[in-house]
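Step one of this worksheet: look at the structure below.
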Amino acid sequence: MKKILHIIYTCLFISFWGHSQNIDDFNEILTNQNEPGNLQLVDNFLYVLDDESVNLRRFNLNEFPLTEEVVYTLPTPSDPNIDNVLNDFLVVGNTIYLTGEEFDESQDMGLGSTIFSLEINDNTSTITEIIDTGAGAFISSLEIIDNTIYFTADRDIDDSYYLFSKDLSNLSATEVMVASTDGDEINDMATDGNLLYLANRDTGEVHYYDPTSASSTLNNLSFNEPINFIQGLEVQNNRIYIANGNSIESGEISTNSTIDLFTNLENRFYEDDNNGQAFFTNFNGIAIDEDGQGYSSLTNEGIIGTSFFFSINECTGTSTDFQEAITSLESPKFIEQLNSNELIVSTDNGVSRVNITTEAETIIYSKSTNELITHVLVEGQEVFVSSIFGFENFNGDFIFDFGQISKIDLTDDSNIQIYSSSDQFIYDLAKSGTDLFFVHEPSDSNDTDVSFVDKIDLTNDSFVELNVDYNFFLESIYLLNDTFYIVEDTNLYSAPVTDLTDLTLLSSDTNFVSNISIDNNFIYYTQESSLKRAPLSFSDFGDDSEFIAFNATYNDTEEDGSVFCSSIDDYAIIGGTIYATFESNDLIISFTNEAATLSNNTFTDLDANDIFLTSTNDILTIHNLEAIATIDIYDLSGKRIQSVTNTNTTSISHLINGVYIAIINKTTRLKFIKN
């Protein structure tokens with residue numbers, strides 16, 4: 001499996017040949033799992049049903065790398081002809097409810113299903129049987145509302161699915177059939193505490209049931225677009241999330257009107273490391289926390305990944321507003337500053353010189369039909385373009401042919417090819433003096449942990465092999481003066497340009513940083529769906545970073561008018577403005593590059609005893625300062641929410657409870673908590 005950046009490039013191959021590309025970032029947190037399926041989040045623990053539905057595992061999301069424990073293993077039947085699997089589970093406090101099924105392969109006959117509870121206390125466990133269907137029926141899913149367990153089961157005698165309920169306070173009582181699905185197969189259920197939602201895998205329908213109603217009718221939710229194949233279902237904060245084959249859709253729940261769905265993720269594209277084949281994979285289990293952080297399993301690849309699944313109103317910038325700056329280009333991706341009023345941008349047509357004010361476009365490099373641009377670098381009046389070339393075979397697979405680096409002289413817009421290789425996947429560039437460094441990996445290698453750096457001597461455009469290779473896949477590089485900055489998944493390194501093997505670990509907690517650049521002594525970078533920055537002289541990379549922008553919402557007006565979150569693809573910084581390209585959008589947006597605030601490396605930290613809140617929590621008072629000019633208050637996203645001058649106190653009665661940062665006189669930073 002290639003690392004995230006390589007996956008993004010591969011998705012672009014598919015987009016080039018007429019398929020959809022992913023809309024949002026999907027970061028792998030667990031790989032090489034054995035068919036992960038249903039998921040559930042409980043107190044920052046991720047429960048996963050895997051190993052072909054035999055083991056229930058729990059992963060601690062507070063630790064990295066993730067630690068795991070097996071909380072239940074289905075016993076192996078003594079008869080080799082009997083197959084035992086778990087269909088669903090539900091964690092409620094210290095109790096885990098599971099439903100299992102037995103099948104006799106020699107007789108091709110189901111032996112029935114059970115629901116049982118597993119009580120976990122002080123490293124001991126107690127198993128209690130709740131339901132036993134007997135032969136000829138099996139239970140597919142379960143949920144609990146108000147101490148009543150609801151489960152769906154089929155019966156071989158009439159080939160129909162039914163919704164049953166049972167009072168957990170009276171286990172000796174018989175379960176009650178409360179509704180019928182008229183033969184539709186229910187494979188997952190979810191609840192928001194008031195209604196039950198039932199997913200039909202094959203028809204793509206979602207039913208809902210009101211436990212407080214005397215009616216036994218299952219009603220259908222109405223969606224603005226068809227759902228073809230439901231693998232997983234989740235409900236959080238009155239929002240429904242559907243793992244719809246190769247996409248995850250979500251929308252605000254309404255039982256009396258059509259639900260407008262928009263796409264959070266779609267079409268993850270993977271390359272099989274064993275045989276080199278490439279394929280799309282489907283999302284399976286899905287779990288969402290209250291902040292919109294989502295987790296999904298990819299059964300056929302043994303992967304669990306995470307992304308942000310935001311509602312429409314949550315797909316906006318946190319610390320600034322987006323403006324549409326340039327709308328006349330076709331699929332802009334890589335963007336670089338040329339001067340104070342011009343950008344260099346890669347598009348579907350090639351590479352263009354674009355006037356910010358007039359949007360006038362001059363194509364300076366025309367792209368071939370079988371070419372994919374992987375990076376653009378601007379140095380003075382020269383533009384360097386790295387590309388890969390290939391073709392589509394009869395099976396629809398993209399076959400790599402060769403990589404290339406071109407140089408464009410902006411004084412006369414002439415361009416020449418300065419390097420070409422038939423066995424190098426070139427994907428990043430950096431320049432120092434007359435040396436052009438480029439990062440690549442072998443095109444025919446399935447090694448997931450290798451990247452190479454070589455260079456071109458620009459005095460005569462000759463190739464210089466540096467024999468520099470890393471045992472990891474580089475996400476991004478940046479060259480400042482004589483220092484390389486290198487990103488690898490969760491690690492940030494530096495290395496002198498004279499010896500790129502002399503790596504210094506700067507941070508081991510970057511959490512999938514990519515697209516790094518350095519401007520005015522700050523490291524700018526994209527992370528998941530965010531654009532952030534940290535001072536170049538940071539002490540803690542994560543703690544010293546602040547948000548600049550976070551997602552954007554756009555309407556897909558060319559097709560069906562659906563709304564989706566779109567992540568920053570690339571960006572260019574020009575003074576106090578940042579210009580950025582967004583995935584799946586034919587525009588360049590701009591937003592204010594706010595003055596350095598939370599990340600200012602000249603800050604000093606006050607002792608915690610120097611600040612206290614009055615007993616009413618309404619007044620913030622700064623002590624032990626001779627004079628105060630300003631107090632600026634920021635939330636943890638980096639957004640300034642209050643500013644006062646010429647005082648050492650300020651009212652915070654309007655703030656919601658939480659953690660905040662106060663900046664005193666633009667130089668002194670302290671953290672406080674409003675309770």
With rounding to the nearest 0.5 Å, note down the distance linking OG1 in Thr255 to CG in Asn219. 8.5 Å
Would you mind reporting whether Pro77 and Asn84 have side-chain heavy atoms less than 4.5 Å apart? yes
What residues form a side-chain hydrogen bond (donor to acceptor under 3.5 Å, both in side chains) with Glu249, not counting sequence neighbours? Ser247, Thr263
Tell me which pairs pass ring-ring contact (aromatic ring centres under 6.0 Å, His included) where either residue lies in residues 194-219, with sequence neighbours left out. none
Residues two or more places apart in sequence or in another chain: which of them pass side-chain hydrogen bond (donor to acceptor under 3.5 Å, both in side chains) with Asp88? Asn38
Residues in side-chain hydrogen bond (donor to acceptor under 3.5 Å, both in side chains) with Asn284, at least two apart? Thr299
State, yes or no, whether a side-chain contact exists between Val206 and Asn200 at a heavy-atom distance under 4.5 Å. no
Reported OG-to-OH distance for the pair Ser451 and Tyr470, which is rounded to 0.5 angstrom: 9.0 Å
Let's go through Phe541 and Tyr525 carefully: what are the C-alpha distance in whole Å and the side-chain angles of both, what is the deciding distance for ring-ring contact (aromatic ring centres under 6.0 Å, His included) to 0.1 Å, and is it a yes or a no? CA-CA 11 Å; Phe541 190 80; Tyr525 60 94; 5.0 Å; yes
Before giving the answer on side chain to side chain donor-acceptor pair (under 3.5 Å), spell out for Thr258 and Asp260 the whole-Å C-alpha distance, their side-chain angles and the decisive distance to 0.1 Å. CA-CA 6 Å; Thr258 299; Asp260 291 329; over 6 Å; no
In chain order, what residues pass the side-chain contact (heavy atoms from CB on, under 4.5 Å) check against Ser117, with sequence neighbours excluded? Thr95, Tyr97, Thr128, Ile130
Just verifying a value: how many Å separate Ser507 OG and Asn491 CG, rounded to the nearest 0.5 Å? 7.5 Å
Determine whether Leu46 and Tyr295 make a side-chain contact, defined as any pair of heavy atoms from C-beta on separated by less than 4.5 Å. yes
Please evaluate residues Thr217 and Ser215 with respect to the criterion side chain to side chain donor-acceptor pair (under 3.5 Å), reporting the C-alpha separation (whole Å), side-chain torsions for both, the decisive distance (0.1 Å), and the verdict. CA-CA 5 Å; Thr217 301; Ser215 171; 3.0 Å; yes
What do the steps show when you test Ile96 against Leu90 for side chain to side chain contact (heavy atoms under 4.5 Å, CB included), and what is the final call? CA-CA 6 Å; Ile96 302 174; Leu90 186 67; over 6 Å; no
Please answer whether the main-chain N or O of Leu261 pairs with a side-chain N or O of Asn224 as donor and acceptor at a distance below 3.5 Å. yes
side-chain contact (heavy atoms from CB on, under 4.5 Å) against Thr73, all qualifying residues, sequence neighbours excluded: Val54, Asn55, Val70
By ring pair (Phe, Tyr, Trp, His ring centres under 6.0 Å), Tyr493 pairs with (sequence neighbours left out) Phe472
Mind checking what makes side-chain contact (heavy atoms from CB on, under 4.5 Å) contact with Asn194, not counting sequence neighbours? Asp192
Atom pair CZ/OG of Arg201 and Ser140 - distance to nearest 0.5 Å: 9.0 Å
Candidate pair Ile240 and Leu233, rule side chain to side chain contact (heavy atoms under 4.5 Å, CB included), full reasoning: CA-CA 7 Å; Ile240 190 168; Leu233 186 71; 3.7 Å; yes
Determine whether Thr148 and Lys166 satisfy the following criterion, side chain to side chain contact (heavy atoms under 4.5 Å, CB included), listing intermediate values before the conclusion. CA-CA 6 Å; Thr148 298; Lys166 184 170 185 175; 5.9 Å; no
Intermediate values then yes/no, side chain to side chain contact (heavy atoms under 4.5 Å, CB included), Ile131 and Phe151: CA-CA 10 Å; Ile131 300 291; Phe151 61 95; 3.9 Å; yes
Side chains of Leu98 and Ile115, heavy atoms from C-beta outward: is any pair under 4.5 Å? no
Does Leu41 reach the side chain of Ile288, with side-chain heavy atoms less than 4.5 Å apart? no
Distance col, row Arg239:CZ vs Ile259:CD1, nearest 0.5 angstrom, shows 9.5 Å
Closest heavy-atom pair and its distance - Ser113, Ile139: OG-N, 2.9 Å
Residues which pass salt bridge (Lys or Arg N to Asp or Glu O under 4.0 Å) with Glu68, listed by chain and number, not counting sequence neighbours: Arg57
Contact summary for Phe164 and Glu175, nearest pair of heavy atoms: CD2-CG, 4.0 Å
If you count the non-hydrogen atoms of other residues, nucleotides and ligands that lie under 6.0 Å from CG in Asp43, is the total more than 12? no
Can you confirm whether Leu198 sits close enough to Thr152 that some side-chain heavy atom of one is under 4.5 Å from a side-chain heavy atom of the other? yes
Is the backbone N or O of Thr203 less than 3.5 Å from a side-chain atom of Glu205, with the two atoms forming a donor-acceptor pair by type? no
Partners passing side-chain hydrogen bond (donor to acceptor under 3.5 Å, both in side chains) against Ser78 (at least two apart in sequence or in another chain): none
What residues, two or more places apart in sequence or in another chain, satisfy side-chain contact (heavy atoms from CB on, under 4.5 Å) together with Ser257? Ser254
Any side-chain heavy-atom pair of Tyr241 and Val235 under 4.5 Å: no
Relative to the ring of Tyr72, is the ring of Phe116 parallel (under 30°), tilted (30 to 60°) or perpendicular (over 60°)? tilted
Separation between CD1 (Ile242) and CD1 (Ile248), nearest 0.5 Å, reads 11.0 Å
Compute whether any side-chain donor of one residue and acceptor of the other, for Asn62 and Asn44, lie under 3.5 angstrom apart. yes
Over 12 foreign heavy atoms within 6.0 Å of CG, Asn81: yes
For Ser297 and Pro36, work out which heavy atoms get closest and say how close. OG-O, 3.5 Å
Residue set satisfying salt bridge (Lys or Arg N to Asp or Glu O under 4.0 Å) with Glu69, at least two apart, ordered chain then number -> Arg58
Could you check if a side-chain atom of Thr526 sits within less than 4.5 angstrom of a side-chain atom of Val513, using non-hydrogen atoms only? no
Please report the shortest heavy-atom distance between Ser508 and Leu505, naming the atom on each side. CB-CD2, 4.1 Å
On a heavy-atom basis, the closest approach of Glu143 and Ala190 is OE2-CA, 3.6 Å
Tightest non-hydrogen contact, residues Gly285 and Ser296, listed as O-OG, 3.0 Å
